[in-house]
Asks: 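For reference, the structure I am asking about is given below.
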Amino acid sequence: MTQLTIIANIFANTDKIDMVKSALLLLVEQTHKEPGCVTYTLHQNNQDDAHFVFYENWQSYELW
């Protein structure tokens with residue numbers, strides 16, 4: 001099996017940044033429990049609070 005890496009960009013509306021961040025943080029917690037999840041990391045851009053990036057590693061495409 002080949003490990004799968006995914007990088008996802010999410011851009012929140014400026015009036016929804018806190019709501020989106022809260023939802024994404026819950027998603028991180030839940031996803032770490034999924035079989036095959038190696039890493040699932042959320043980053044928030046230091047220059048643009050509305051820009052979030054997920055960096056994900058999965059054991060395989062099938063487990064993703």
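No experiment lies behind these values; they were computed from the predicted model shown.
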Asks: Check the surroundings of atom CG in Asn9: do more than 12 heavy atoms from other residues, nucleotides or ligands lie under 6.0 Å from it?
Replies: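 Yes, enclosed.
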Asks: Please find the pair of heavy atoms, one from Leu4 and one from Ile6, that lie closest to each other, and give the distance.
Replies: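 Shortest heavy-atom separation between Leu4 and Ile6 comes out as CD2-CD1, 3.8 Å.
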Asks: Just verifying a value: how many Å separate Glu34 CD and Gln59 CD, rounded to the nearest 0.5 Å?
Replies: 12.0 Å
Asks: Within the structure provided, determine whether Asn45 and Asp49 are in side-chain contact (heavy-atom separation under 4.5 Å).
Replies: no
Asks: How close do Ile17 and Gln44 get, counting heavy atoms only, and between which atoms?
Replies: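 In this case the closest contact between Ile17 and Gln44 is CG2-NE2, 3.9 Å.
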Asks: Could you tell me if the side chain of Tyr61 sits less than 4.5 Å from the side chain of Thr2, heavy atoms only?
Replies: no
Asks: May I ask you to list the residues sharing a hydrophobic cluster with Tyr55, side-chain cutoff 4.5 Å, ordered by chain and number?
Replies: Ile7, Val53
Asks: Flag the pair Glu56 / Thr5 as yes when at least one side-chain heavy-atom distance between them is below 4.5 Å, and no otherwise.
Replies: no
Asks: Can you tell me how far CG of Leu25 sits from CZ of Phe52, rounded to the nearest 0.5 angstrom?
Replies: 8.0 Å
Asks: Taking a hydrophobic cluster as the set of Ile, Leu, Val, Met, Phe, Trp and Tyr residues connected by side-chain heavy atoms closer than 4.5 Å, whether directly or through intermediates, do Trp64 and Val28 fall within one such cluster?
Replies: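 Result: yes, single cluster for both.
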Asks: Give, for atom CG of Leu24 and atom CD of Glu29, the distance between the pair rounded to the nearest 0.5 Å.
Replies: 13.5 Å
Asks: Would you mind listing the cluster partners of Leu26? Hydrophobic ones only (ILVMFWY), side-chain contacts under 4.5 Å, chaining allowed.
Replies: none
Asks: What distance separates Leu42 CG from Lys21 NZ, expressed to the nearest 0.5 Å?
Replies: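 Between atom CG of Leu42 and atom NZ of Lys21 there are 8.0 Å.
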Asks: Treat each ILVMFWY residue as a node, draw an edge where side-chain heavy atoms are under 4.5 Å apart, and state whether Phe11 and Met19 are in one component.
Replies: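 No, Phe11 and Met19 fall in different hydrophobic clusters.
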Asks: Anything under 30° is parallel, anything over 60° is perpendicular, the rest tilted; go ahead and classify Tyr40 against Trp58.
Replies: perpendicular
